[in-house]
Amino acid sequence: MNAAATSRALPGLKLSKLTSSKFNHNSSVVSFHRKAQVSLCSHTHAIKCEASGNSSLAGKTFCSVGICTQPLSDIESDSHVEEEKVGVLLLNLGGPETLLDVQPFLYNLFADPDIIRLPRLFRFLQRPLAQIISVLRAQKSKEAYASIGGGSPLRKITDEQANALKSELEAKQLPANVYIAMRYWHPFTEEAAQQIKRDGITRLVVLPLYPQFSISTTGSSIRALENIFREDKVLSKIPVAIIQSWYQRYGYIKSMADLIEEELQSFKKPQEVMIFFSAHGVPVTYVVNAGDPYKDQMEECINLIMQELKARGIENNHRLAYQSRVGPVQWLKPYTDEVLVELGQEGVKSLLAVPVSFVSEHIETLEEIDMEYKELALKSGVENWGRVPALGCKSSFIADLADAVIEALPSATAMSATTSSSSSEEFNRDPVGYALKIFAGSFLAFILFFSPKMLLAFKKHVV
Ligand SMILES: C=CC1=C(C)c2cc3[nH]c(cc4nc(cc5[nH]c(cc1n2)c(C)c5CCC(=O)O)C(CCC(=O)O)=C4C)c(C)c3C=C
Ligand SMILES: [Fe+2]
């Protein structure tokens, strides 16, 4: 994976483990504030973790989970043994639970500066713009949510994954509370943070439910979390480890390969099926200008899955394309809809769609892939269509997530205040310059955003 790009995307956070381009059992983990050095004790299950100069870690003992931060001989004579309360925070996108939630959910999404990345000059327009775009898009989105039962299944599935992970961690001798922080709908990040505080969690592992890192998903959730933790006296002291991406973990790759292998068997001639990976897209500027490692990680992830299938004697052809583009900008190519038409025209008769950027069923698997893309593929000449289910609570997958949490735990360190320049600080420094910027920004924005082409682009799925 592109470790350099990952650290660029998240300035202020240090990588404590880098990942190689081959299979490995590691995830990409960052810890807040200071890098922790982790080494295995000779004692079974015991991990010695030394944080360079970090008093919040030194001398802590985690007997309940078999994790120690100092030699066992020292622990016995330590009179200040604190009981550790481990928390795991799952990060996810969230989705509207009813059709009435759709427009406010879309508002939250488009109001996120990691989703619509406006130049600094235009930032003050983020919320009014989010209001307009969410109202324009709501009708189209409501129709899609109505077609899958009137709401997103994300909360229910994420709850099930959280329960399964808790049980798996317990089975692996790590009792932990598992929390959910959704970025754009309930339970919001703030709600989860307050619960973590009330429960007196003393060490936290943050696990995004996105295998690959993108500024627009994991990056956005981490930024929101950092803002909340930094401002809070209690939360800012909790040692936290963040798993940034885990697409390269063997447990995940193997679970995906299992699902594909199983689904291929539903075709009459499995060896003739095109394996068609469809990933959620991001605008090209994220990758090219902002250093988002998402595209590199996605390509590497697909290569690892195909290597695993090859090792099992499955040598089918495969393609990767990107779906779900929104708005008037270039998104990562090739586009799923265009590739499906091309494949049909090239004479591909059997196709297995594999959603690869997300681990639950959601609107884009249940509506976009299962309905829109299936219809398009069949119209374009594909005769046999199949789709791999999302990983959900597949036991090998949950077991691997539990291992990722256990491996990340020792590298947790406390968050520190980072410097960020807000618009009120900018106003205080130079009020006249700030007012001029706002005026010029409003004028340009008016011309740019209210053109008919722009408005239409947000109404439709496809530009
Ligand atoms: C890895 C996954 C995702 C990336 C990357 C991503 C980027 C991204 N998304 C939008 C806009 C929308 N996304 C919407 C729904 C949605 N997005 C993801 C995942 C990723 N998004 C999921 C899992 C879901 C579904 C949630 C659910 O309710 O099931 C929507 C709303 C639906 C719609 O109207 O199409 C929008 C809008 C952008 C702009 C973006 C990158 C900049
Ligand atoms: Fe999305």
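Note that ligands are numbered from 1 as they come in the structure, with each ligand's atoms numbered from 1 the same way. Scope of the values below: all heavy atoms of this structure, side chains included, with no hydrogens, waters or symmetry mates. Numbering starts at 1 and runs along the sequence shown.
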Undergrad: Take Ile253 and Tyr247, measure what side-chain contact (heavy atoms from CB on, under 4.5 Å) needs, and give me the verdict at the end.
TA: CA-CA 7 Å; Ile253 297 294; Tyr247 67 93; 5.8 Å; no
Undergrad: So does Asn317 have more than 12 non-hydrogen atoms from other groups sitting under 6.0 Å from CG?
TA: no
Undergrad: Show your working on side-chain contact (heavy atoms from CB on, under 4.5 Å) between Leu89 and Val205 and close with a plain yes or no.
TA: CA-CA 6 Å; Leu89 180 62; Val205 176; over 6 Å; no
Undergrad: Whether the side chain of Asp112 engages the backbone of Asp114 through a donor-acceptor N/O pair (distance < 3.5 Å, no angle test) should be reported.
TA: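 Side chain of Asp112 to backbone of Asp114: a pair is present.
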Undergrad: Under 4.0 Å, heavy atoms only, figure out whether ligand 1 is touched by the backbone of Trp331, its side chain, both or neither.
TA: side chain
Undergrad: Is a donor from one side chain sitting under 3.5 angstrom from an acceptor on the other, for Ser357 and Gln212?
TA: no
Undergrad: Measure the spacing between CD1 of Ile116 and OG of Ser216 and express it to the nearest 0.5 Å.
TA: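 Here the interatomic distance stands at 12.0 Å.
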Undergrad: Under 4.0 Å from any heavy atom of Val282, which atoms of ligand 1 are there?
TA: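 Per the distance check, 5 (C).
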Undergrad: Could you tell me, atom by atom, which parts of ligand 1 come under 4.0 Å of a heavy atom of Pro96?
TA: 28 (O)
Undergrad: Treating Thr365 as the side-chain partner and Glu361 as the backbone partner, does any N or O pair qualify as donor plus acceptor under 3.5 Å?
TA: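 No: the side chain of Thr365 does not pair with the backbone of Glu361.
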Undergrad: Nearest non-hydrogen atom to atom 21 (N) of ligand 1 belongs to which of Glu143, His280, Glu97, Arg117?
TA: His280
Undergrad: Considering only heavy atoms of Ser357, which atoms of ligand 1 have at least one such atom less than 4.0 Å away?
TA: 1 (C)
Undergrad: Of the backbone atoms (N, CA, C, O) and the side-chain heavy atoms from C-beta on, which set of Ile116 has a member under 4.0 Å from an atom of ligand 1: side chain, backbone, both, or neither?
TA: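 Within the 4.0 Å criterion, Ile116 makes no contact with ligand 1.
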Undergrad: Taking the six-membered ring for Trp, is the centroid-to-centroid distance between Phe213 and Trp246 below 6.0 Å?
TA: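 Not under 6.0 Å, so no.
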Undergrad: Geometry only, no angles: is Arg137 polar-contacting ligand 1 at N/O separations under 3.5 Å?
TA: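 Yes, since at least one N or O of Arg137 sits under 3.5 Å from an N or O of ligand 1.
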Undergrad: Below 4.0 angstrom from a heavy atom of Phe110, which ligand 1 atoms are there? Numbered from 1 as shown, please.
TA: 37 (C)
Undergrad: For ligand 1, which atoms sit closer than 4.0 Å to a heavy atom of Gly95?
TA: 28 (O)
Undergrad: With the threshold set at 4.0 Å, does a side-chain nitrogen-carboxylate oxygen contact exist between Glu261 and Arg312?
TA: yes
Undergrad: Keeping to distances under 2.8 Å, can you name the protein N/O/S atoms close to the Fe ion (ligand 2)?
TA: His280 NE2
Undergrad: Once you restrict to heavy atoms under 4.0 Å, what part of Glu364 touches ligand 1? Side chain, backbone, both or neither.
TA: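 Only the side chain of Glu364 comes within reach of ligand 1.
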Undergrad: For ligand 1, which atoms, with element, lie under 4.0 Å from some heavy atom of Tyr286?
TA: 42 (C)
Undergrad: So is there a nitrogen or oxygen of Leu109 less than 3.5 Å from a nitrogen or oxygen in ligand 1?
TA: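 No; the residue has no nitrogen or oxygen that sits under 3.5 Å from a nitrogen or oxygen of the ligand.
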Undergrad: Which residue, Val339, Ile369, Leu332, forms the side-chain contact (heavy atoms from CB on, under 4.5 Å) with Gln323?
TA: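 Result for side-chain contact (heavy atoms from CB on, under 4.5 Å) with Gln323: Ile369.
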Undergrad: If we set the cut-off at 4.0 Å for heavy atoms, which region of Pro283 has an atom near ligand 1: side chain, backbone, both, or neither?
TA: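 Side chain only; the backbone of Pro283 stays clear of ligand 1.
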Undergrad: For ligand 1, which atoms have a heavy atom of Ser152 less than 4.0 angstrom away?
TA: 27 (C), 28 (O), 29 (O)
Undergrad: Would the number of heavy atoms belonging to other residues, nucleotides or ligands and lying under 6.0 Å from NZ of Lys374 be above 12?
TA: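 No, because the 6.0 Å sphere around NZ of Lys374 holds 12 heavy atoms or fewer from other groups.
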Undergrad: Where on Ile363 is there a heavy atom closer than 4.0 Å to ligand 1, on the side chain, on the backbone, on both, or on neither?
TA: both
Undergrad: Could you check Phe229 against Leu204 for side-chain contact (heavy atoms from CB on, under 4.5 Å), going step by step and ending with a plain yes or no?
TA: CA-CA 12 Å; Phe229 271 54; Leu204 186 69; 3.7 Å; yes
Undergrad: Output the list of atoms in ligand 1 that are nearer than 4.0 Å to some heavy atom of His362, sorted by atom number.
TA: 22 (C), 23 (C), 24 (C), 25 (C), 29 (O)
Undergrad: For Tyr294 and Tyr210, what are the C-alpha separation, side-chain angles and deciding distance, and is it a side-chain contact (heavy atoms from CB on, under 4.5 Å)?
TA: CA-CA 11 Å; Tyr294 181 73; Tyr210 308 97; over 6 Å; no
Undergrad: Using 30° and 60° as the class boundaries, would you call the ring planes of Trp331 and His280 parallel, tilted or perpendicular?
TA: tilted
